Asks: 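So that we are looking at the same thing, I have put the structure below in structure tokens.
The structure displayed is predicted, hence computed values, not measured ones.
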Amino acid sequence: DKVILIKVYRMVLSALNETKFIVSETKVEMKELADHSVNCLMYDVSSKPVSIHLPLTRLLAGLYVHLHKFNLTFDTVSTTSDKPSVEQILQPILCTRTMISQVYSGMWRRNGYSLLNQLYFYRNVKCRAEMLDRDVIILQMAGSLIESNEFLIHIMNSFNLLSWTEKGYKPNLPNSEDDTIRQIINIVDEFLELLIVIIGERFMPGIGQITDEERIKKEIIQQLCIKPLSHSELNKALNDEHTGGHECKQLHFWYKIHD
């Protein structure tokens, strides 16, 4: 229902504006890159609170993909004064992605297995639809609303890579030289991978011009390109959002017949 969607969407925006997780602890600082200057929100994830669980932001992402059904956009729906800016909505997601890239780069070594377990489920096929995929939607939404150069600077600032783009860049080496250089290379890899995902992973209704059926077909094709799978194995390889419906089972059999 259009009216309910608009009301809930505005309620979530209002809740985000009141909560301001991470955003309330940031400070605004001008950053420049290639003749472009942007007011960035500064937040150090290595010394301040950060969480992999962002329910309000991800609820907003889940609602956003339904706006196109009623010819609505972010700007037409979010007309209330008590709404966060796009940059403020984006910031918690960027902090989470920065933290994840730092973990994979070996910069969070004293946090036990709890964090590693959370990151495992963040990418796990059974949970990623409500975690990783929702974060990508917010990043893609912000990328469509913020000028492209500014958006890129926001991401690079969050990953602390603006100095990396400077000519003659030399990293600070508080740890061993090899360890620090390896960490920087891994951070750059994570940054480039995230850019590829934001730009290329548009097979989502509400983001790309596709249907749910086309999205399921694509996931099935990708799984079968990795290796042959039985029907039950294919069910396990897809997330729960797709494996419970009759339509999905019909698609499974369709691809088995046309294999």
Side-chain angles (χ1 to χ4, degrees), residues 1-26 28 38-41 43 50-97 122 127-155 157-158 194-195 197-216 218 239-242 245:
D1 182 84
K2 181 178 179 179
V3 176
I4 294 177
L5 176 62
I6 293 174
K7 285 184 177 180
V8 174
Y9 195 86
R10 289 175 177 172
M11 288 173 62
V12 175
L13 285 175
S14 179
L16 280 171
N17 193 51
E18 292 176 5
T19 305
K20 289 187 176 179
F21 174 65
I22 289 180
V23 175
S24 61
E25 301 293 327
T26 61
V28 179
V38 182
N39 287 321
C40 292
L41 299 177
Y43 191 87
V50 63
S51 176
I52 202 170
H53 305 288
L54 304 169
L56 280 176
T57 306
R58 289 168 184 157
L59 175 58
L60 184 73
L63 295 171
Y64 176 79
V65 295
H66 295 284
L67 295 182
H68 74 286
K69 297 177 181 178
F70 305 101
N71 294 319
L72 299 172
T73 65
F74 178 86
D75 292 325
T76 58
V77 176
S78 53
T79 56
T80 56
S81 58
D82 61 337
K83 67 175 182 179
S85 66
V86 178
E87 291 81 4
Q88 290 174 333
I89 295 173
L90 176 65
Q91 189 62 29
I93 298 294
L94 284 181
C95 289
T96 297
R97 294 296 310 191
Y122 179 79
C127 304
R128 62 173 293 163
E130 297 299 331
M131 299 182 76
L132 173 58
D133 292 350
R134 296 292 188 227
D135 290 354
V136 172
I137 290 172
I138 290 294
L139 288 163
Q140 291 173 329
M141 179 193 79
S144 67
L145 296 171
I146 302 173
E147 196 272 330
S148 57
N149 292 299
E150 294 183 4
F151 178 67
L152 188 60
I153 293 174
H154 280 298
I155 299 178
N157 174 67
S158 181
L194 181 61
L195 275 187
V197 170
I198 294 172
I199 297 169
E201 291 293 328
R202 299 182 55 82
F203 236 78
M204 168 74 70
I207 300 296
Q209 295 181 351
I210 63 165
T211 63
D212 281 321
E213 180 179 311
E214 290 170 332
R215 181 189 177 195
I216 298 170
K218 176 179 177 288
N239 65 58
D240 291 334
E241 182 182 358
H242 293 155

Asks: Would you check if I89 and L13 make a side-chain contact, meaning some heavy-atom pair closer than 4.5 Å?
Replies: yes
Asks: Can you tell me how far apart CG (L152) and CD (E147) are? Round to the nearest 0.5 Å.
Replies: 10.0 Å
Asks: Between L67 and T73, is there a side-chain heavy-atom distance shorter than 4.5 Å?
Replies: no
Asks: Are any of the side-chain heavy atoms of L139 and L194 separated by less than 4.5 Å?
Replies: yes
Asks: Do you know which two heavy atoms are closest between M141 and F74, and how far apart they sit?
Replies: SD-CD1, 4.1 Å
Asks: To the nearest 0.5 Å, how far apart are CG in L56 and CG in L16?
Replies: 5.0 Å
Asks: What's the separation between atom CD1 in I4 and atom NE2 in H66, rounded to the nearest 0.5 Å?
Replies: 13.0 Å
Asks: Considering non-hydrogen atoms only, spot the tightest contact between Q140 and V197 and give its length.
Replies: NE2-O, 3.8 Å
Asks: Mind running side chain to side chain contact (heavy atoms under 4.5 Å, CB included) on V28 and C40 for me, showing each step along the way?
Replies: CA-CA 6 Å; V28 179; C40 292; over 6 Å; no
Asks: Any side-chain heavy atom of Y43 within less than 4.5 Å of one from E25?
Replies: yes
Asks: Using a 3.5 Å distance criterion without hydrogens, assess whether the side chain of E130 forms a donor-acceptor pair with backbone atoms of C127.
Replies: no
Asks: In Å, rounded to the nearest 0.5 Å, how long is the span from CG of N157 to CG of L41?
Replies: 8.5 Å
Asks: Looking only at atom types and distance, does a side-chain atom of T96 sit under 3.5 Å from a main-chain N or O of P92, one as donor and one as acceptor?
Replies: yes
Asks: Taking the side chain as every heavy atom from C-beta outward, state whether M131 and L54 have any atom pair closer than 4.5 Å.
Replies: no
Asks: Give the table of side-chain donor-acceptor pairs shorter than 3.5 Å for residues 198-207, with sequence neighbours excluded, one pair per line with atom names and distance.
Replies:
residue: R202; atom: NH2; partner: I207; partner atom: O; Å: 3.0

Asks: Return the minimal non-hydrogen interatomic distance between S158 and C95, and the atom names on each side.
Replies: OG-N, 4.1 Å
Asks: Under the side-chain hydrogen bond (donor to acceptor under 3.5 Å, both in side chains) rule, what pairs show up with a residue in residues 51-64, not counting sequence neighbours?
Replies: H53-Q118, R58-D135
Asks: Quick one: does V136's side chain get under 4.5 Å of R97's, heavy atoms only?
Replies: no
Asks: Got a second to check how far Q91's CD is from S24's OG, nearest 0.5 Å?
Replies: 11.0 Å
Asks: Rounded at 0.5 Å granularity, tell me how far CD in Q88 sits from CD1 in I22.
Replies: 12.5 Å
Asks: Is the shortest side-chain heavy-atom distance between L72 and K2 below 4.5 Å?
Replies: yes
Asks: What I'd like to find out is whether the side chain of S14 reaches to under 4.5 Å of the side chain of R10, using heavy atoms alone.
Replies: no
